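Everything on this sheet refers to the single structure shown next.
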Amino acid sequence: MDVAVPTGDFGLPMAVWYGRRMGLPIGTILCGCNENSAFWELLHRGQVDTHMPVVSTTTPEGDMALPQGMERLICEACGQQEAMSFSFSCDEEGTYAPGAEAMASIRSGVYAAVISRNRVATIIPNMYQSNQYILDPYSALAFGALSDYRTRNGSGRTVLMLCEKSPVYCSEAVSDAMRIPVSDLKILVSKQ
């Protein structure tokens, strides 16, 4: 099965990556990025500006120039020397551009999509209307990545979506997206 996760903090993607390495039957790790799309830049463009300007979004834990912990993926996929090259780029050069072999290792079994805050605000009410399930903005990032991956690759494989947040944790963003008061949102969440 594939696994969809948000990527502001790289803890969830790495947990899934380690699980796959330990033998869990995991296909592709689908990573949903917000507008601070450093991981997407690395996967799709083969380089990333390590000092990108940060954009404020409805997923503030992802509002950073680089996903926290992304160096762990680089180290595990490519080795310590490549991770040191990444760290040097973060400290000095500003652009990290691994070679072709390292990029192939980083990209192996991983997909990333950028999900805008406007799209997050659309995914949340659409999911509730179609499935009576309330997503938080981080879960909406993961669901957006899943949707994009299926559209691009036609995959109908089973997907596990992993997220750590409750809609109540991000109640302002969720209530704004659903156009309901926070008090009504809390009642709906308690009924799930």
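Worth saying up front: this structure is predicted, and the values here are computed from it rather than measured.
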Practice task
Determine, step by step, whether D63 and S56 satisfy the side-chain hydrogen bond (donor to acceptor under 3.5 Å, both in side chains) criterion, reporting the C-alpha distance in whole Å, the side-chain angles of both residues, the deciding distance to 0.1 Å, and the verdict.
Solution key: CA-CA 6 Å; D63 295 350; S56 294; 4.7 Å; no

Handout entry: Donor-acceptor side-chain pairing of T59 and N34 below 3.5 angstrom
Key = yes

Handout entry: R119/D148 ion pair, N-O < 4.0 Å
Key = yes

Exercise for the section: Give, for atom CE of M70 and atom CD1 of I106, the distance between the pair rounded to the nearest 0.5 Å. Expected result: 8.0 Å

Handout entry: Hydrophobic cluster membership, L141 vs L162, 4.5 Å side-chain cutoff
Key = no

Problem - Heavy-atom pair of closest approach, residues A140 and I123 - result: O-CD1, 3.5 Å

Fill in the blank from the handout: In short, P67 meets A38 closest at the heavy-atom pair CD-CB, 3.9 Å

Handout entry: Single hit among L24, L160, T28, V159 for side-chain contact (heavy atoms from CB on, under 4.5 Å) with M1
Key = L160

Exercise for the section: For residues K186 and V168, determine if any side-chain heavy atom of one lies less than 4.5 Å from a side-chain heavy atom of the other. Expected result: yes

Handout entry: Under the salt bridge (charged side-chain N to carboxylate O under 4.0 Å, His left out) test, residues paired with E35 that sit two or more places apart
Key = R117

Exercise for the section: Using modelled atom types only, decide if a donor and an acceptor are shared between the side chain of S37 and the backbone of C33 within a distance under 3.5 Å. Expected result: no

Exercise for the section: Consider only side-chain heavy atoms of I, L, V, M, F, W and Y, link residues closer than 4.5 Å, and tell whether V110 and L146 are in one cluster. Expected result: no

Problem - Greater than 12 external heavy atoms within 6.0 Å of E101's CD - result: no

Practice task
May I ask you to decide if R157's main-chain N or O and R150's side chain share a donor-acceptor pair within less than 3.5 Å?
Solution key: yes

Exercise for the section: Would you give the length of the straight line joining atom CZ of F88 to atom OG1 of T50, rounded to the nearest 0.5 angstrom? Expected result: 10.5 Å

Practice task
Just do the side chain to side chain contact (heavy atoms under 4.5 Å, CB included) check on M64 and N36 with the steps written out, would you?
Solution key: CA-CA 6 Å; M64 54 190 75; N36 299 289; over 6 Å; no

Practice task
Please check if Y111 and V48 belong to a single hydrophobic cluster, counting links between Ile, Leu, Val, Met, Phe, Trp and Tyr side chain heavy atoms closer than 4.5 Å.
Solution key: no

Practice task
Would you give the length of the straight line joining atom CE of M103 to atom CZ of R45, rounded to the nearest 0.5 angstrom?
Solution key: 12.5 Å

Handout entry: Test item: R20 side-chain N/O and P25 main-chain N/O as donor-acceptor pair under 3.5 Å
Key = no

Handout entry: Any side-chain heavy-atom pair of V3 and L30 under 4.5 Å
Key = no

Problem - No-hydrogen, no-angle side-chain donor-acceptor test under 3.5 Å, E82 and Y96 - result: yes

Completion exercise
Heavy-atom closest pair (P6 atom, L12 atom, distance to 0.1 Å) is CD-CD1, 4.0 Å

Practice task
For side chain to side chain contact (heavy atoms under 4.5 Å, CB included), just list the numbers for L185 and M178, CA-CA rounded to whole Å, side-chain angles, deciding distance to a tenth of an Å, and then say yes or no.
Solution key: CA-CA 8 Å; L185 171 66; M178 293 182 66; 4.3 Å; yes

Handout entry: Hydrophobic cluster membership, M14 vs L66, 4.5 Å side-chain cutoff
Key = yes

Exercise for the section: Report yes or no: does T7 contribute a side-chain atom to a donor-acceptor pair with the main-chain N or O of G32 at less than 3.5 Å? Expected result: yes

Problem - Backbone of I180 reached by a side-chain donor or acceptor of D184 within 3.5 Å - result: no

Exercise for the section: Taking the side chain as every heavy atom from C-beta outward, state whether P167 and L135 have any pair of such atoms under 4.5 Å apart. Expected result: no

Handout entry: Check: A83 main-chain N/O paired with S87 side-chain donor or acceptor under 3.5 Å
Key = yes

Completion exercise
In this structure, CE of M161 is separated from SG of C163 (nearest 0.5 Å) by 4.5 Å

Practice task
Please round to the nearest 0.5 Å and tell me the distance separating atom CG of L73 and atom CH2 of W17.
Solution key: 6.5 Å

Problem - F10/F39 aromatic ring centres below 6.0 Å - result: yes

Handout entry: side chain to side chain contact (heavy atoms under 4.5 Å, CB included) between C31 and V5, intermediate numbers included
Key = CA-CA 5 Å; C31 299; V5 293; 4.2 Å; yes

Fill in the blank from the handout: Between T58 and A173, the two heavy atoms sitting closest are CB-CB, 4.2 Å

Problem - Minimal non-hydrogen separation, S175 against V182, with atom names - result: OG-CG2, 3.4 Å

Practice task
Verify, without hydrogens or angle tests, whether S85 (side chain) and Q81 (backbone) share a donor-acceptor contact under 3.5 angstrom.
Solution key: no

Exercise for the section: Treating Ile, Leu, Val, Met, Phe, Trp and Tyr as nodes and any side-chain heavy-atom pair under 4.5 angstrom as an edge, say whether M52 and W40 lie in one connected cluster. Expected result: no

Problem - A65 backbone acceptor or donor facing H51 side chain under 3.5 Å - result: no

Handout entry: Exam field: side chain N131 to backbone Y133, donor-acceptor pair closer than 3.5 Å
Key = no

Problem - M127/I134 under side chain to side chain contact (heavy atoms under 4.5 Å, CB included): CA gap, chis, key distance, verdict - result: CA-CA 7 Å; M127 177 61 78; I134 304 171; over 6 Å; no

Handout entry: Minimum heavy-atom distance L42-P98, with the two atoms named
Key = CD1-CD, 3.9 Å

Problem - With K165 via salt bridge (charged side-chain N to carboxylate O under 4.0 Å, His left out) - residues at least two apart - result: E61

